[in-house]
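Input: a single structure, listed below in structure tokens.
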Amino acid sequence: MAYVPPHRSRGDYVPRDTGNSSSRGGFSGRGGFSSRGGFNRGSGGGNRAFGGSGFGRGNDSHRGGRGGHGSRFQPGLGSWTDGEHKPAEHNERLELELYGKPGDAQFQSSGINFDNYDEIPVEASGEDVPEPISEFTSPPLDPLLVENIKLARFNKPTPVQKYSVPIVANGRDLMACAQTGSGKTGGFLFPVLSESYKHGPVQNSQAENTFDRRKAHPTALVLAPTRELVSQIYEEARKFAYRSWVRPVVVYGGSEVYAQMEQLKQGCDLLVATPGRLNDLLERGKISLKNIKYLVLDEADRMLDMGFEIQIRNIIQGCDMPPPAERQTLMFSATFPKEIQMMAKDFLHNYIFLSVGRVGSTSENITQRILYVEDDEKKSSLLDILTATEETMSNGLTLIFVETKKMADILSDFLINQDFPATSIHGDRSQYERERALESFRSGRTPILVATAVAARGLDIPNVTHVINYDLPNDIDDYVHRIGRTGRAGNTGVATAFVNRGNKNVVKDLIEILSEANQEVPDFLTVIARENSMGRGRGRGGRNQTRDFRKYGGGGSSGGYGNGYGGRSNYGGGYNNSYGSGGGYNNYGSSAASASSSSSQWW
DNA sequence: AAAAAAG
């Protein structure tokens, strides 16, 4: 466990009467993320009793009593023996830990099913797109997985899941433009686990030499950009891998590497990792990727922004991972800029392209309020808002986004001094502090969280009723992600944003988003947009693309995409045809087209 | 310009 010297431990707000911020001596609590049950935990009732079902019989058993590797009994871990899947017996204690019980935050947060999922437009393209499924049934899913899905109370597949299951079952690759909240995690975990349960570990998984034998040989690898996200994915993986032969392990930076190495030694079939730590462990010779059958890249465009590309390419192309044709690759990305198209070309093999509409912005259960606030008035405006909403949203959580780590510190200190129960999360805090802040927020102990982009995407925190964009992001897709932290699970939410002339680069996109979601567009926004478009035409060519460029042109390697507005105006049509007015999506083409024509009127 | 990620 990462030791945090007291002087580095910044002051989180602690309610006066309890003051038990870390009674468990460390990570997480219930419903939190990270190593609960993962590395670093020692036991939790784990390593006693040898009477487990179907474990270690026969000499053809995966992890079956061969020297060293994970021969220890672990509750809830099945085996692959004599070419058959032998699920472990049920374990009540573990089920309680994994799936929670009524009343737990965890219980209500899992298994959410938005009714409006059915209205999300989806478009699949590519050769021979398999027919989507409509329910979680066996077949096509493996029966054990269906059982686990029921335990986790997922009743109905989301659009991503409907497609990803048959796509992977048919041996195909997937490039999905989908955002958090679209059921992405299940979208890759379900098919990957289901197929793994059917087919078992990779044959020949045994290494030729002793050096190789000491390494972990995962069958599936999931890469994601932030530590919190991989932790969250790992926790989901534990739910759906329950009783199966698949043992999930998570590795990420900022916490003790030796504990993670120990976990790898115990057996690792599904590895969830951030790129930095994975490269570290590859260099140390602790992991071999040559048995990888399934590779998942989550939030791929996020990883671009963060300068991950070299690391990713080293993992995928610079080590011993099988080439695209010999594995199945699933890539998820909110947007589809040229760099991602290149990655898709390099990493995927004859893939199906799936585009899933926005969940956040089109849903009208988020009320978006845009306020004109100059930078030096932001603090006092924030206080006004927090005070005003204190009573009305007394049970909810408020998430405040800022642009810089420094501002996150300043603002949370300021709020704490003003007696607001706040804490902060950003990349300069220690991993322990990050996890504790998030847990404290989740649990409602500090219902105000000031965050940088580290929390913008991917994190699923139930009960966020208010998102405040103290600083507006430069990328409108980030804005959509941020406000998508609220209004989840059919609840209503409020998203407030402070805007001034420093944000003029996004106002045009912001107006589009607001109109798509049937929200009021304040006059000052239109004014700023107009000032902006007079200066220098349209910015960087409008919003990011989420289209299958193989189908809609672009073609060549250089220049790929940008055939101007003419081409883009076709986009809306494609969506309309298959899905009627699913809401919002068909604005894509038309609004881009009208933007270019109306800008000339403004002159 | 800043964010994230290996230490």
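Chain identifiers are assigned alphabetically (A, B, ...) following the order of the sequence lines, protein sequences preceding nucleic acid strands; residue numbering begins at 1 within each chain.
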For [N], take OP1 and OP2 only and decide whether either is under 4.0 Å from a side-chain N or O of [X].
{"X": "A/Thr452", "N": "B/dA4", "result": "yes"}
{"X": "A/Thr274", "N": "B/dA6", "result": "yes"}
{"X": "A/Arg227", "N": "B/dA6", "result": "yes"}
{"X": "A/Arg482", "N": "B/dA3", "result": "no"}

Value in whole Å for how far the [atom2] atom of [N] lies from [atom1] of [X]:
{"X": "A/Ile315", "N": "B/dA6", "atom1": "CD1", "atom2": "C1'", "result": "11 Å"}
{"X": "A/Met303", "N": "B/dA3", "atom1": "CE", "atom2": "P", "result": "20 Å"}
{"X": "A/Lys406", "N": "B/dA4", "atom1": "NZ", "atom2": "P", "result": "16 Å"}
{"X": "A/Gln311", "N": "B/dA6", "atom1": "CD", "atom2": "P", "result": "7 Å"}
{"X": "A/Tyr252", "N": "B/dA6", "atom1": "OH", "atom2": "C1'", "result": "15 Å"}
{"X": "A/Glu309", "N": "B/dA5", "atom1": "CD", "atom2": "P", "result": "18 Å"}
{"X": "A/Asp478", "N": "B/dA4", "atom1": "CG", "atom2": "P", "result": "12 Å"}
{"X": "A/Glu283", "N": "B/dG7", "atom1": "CD", "atom2": "P", "result": "12 Å"}

ring-ring contact (aromatic ring centres under 6.0 Å, His included) evaluation trace for A/Phe190 with A/Phe240: CA-CA 8 Å; A/Phe190 296 164; A/Phe240 302 111; 4.8 Å; yes
Among B/dA3, B/dA1, B/dA5, the one nearest A/Asn474 by side-chain distance: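 In terms of side-chain proximity for A/Asn474, the closest of B/dA3, B/dA1, B/dA5 is B/dA1.
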Candidates B/dA5, B/dA6, B/dA2 - which lies nearest the side chain of A/Phe308: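 The answer is B/dA5, which lies nearest to the side chain.
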Residue pairs fulfilling salt bridge (charged side-chain N to carboxylate O under 4.0 Å, His left out) with at least one residue in residues 312-321 of chain A, sequence neighbours excluded: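 For residues 312-321 of chain A: A/Glu309-A/Arg313, A/Arg313-A/Asp346.
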Name of the residue among A/Thr219, A/Ile316, A/Leu289, A/Leu221 meeting side-chain contact (heavy atoms from CB on, under 4.5 Å) with A/Arg327: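 Exactly one option meets the side-chain contact (heavy atoms from CB on, under 4.5 Å) with A/Arg327, and it is A/Ile316.
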Ring centre gap for A/Phe420 and A/Phe414 strictly below 6.0 Å: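 No, the ring centres sit 6.0 Å or more apart.
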Polar side-chain contact A/Asn279-B/dA5 base: donor and acceptor under 3.5 Å: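 Looking at the base of B/dA5, it does not pair with any donor or acceptor on the side chain of A/Asn279 (distance under 3.5 Å).
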Residues forming a ring pair (Phe, Tyr, Trp, His ring centres under 6.0 Å) with A/Tyr294, sequence neighbours excluded: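 A/Tyr294 satisfies ring pair (Phe, Tyr, Trp, His ring centres under 6.0 Å) with no other residue.
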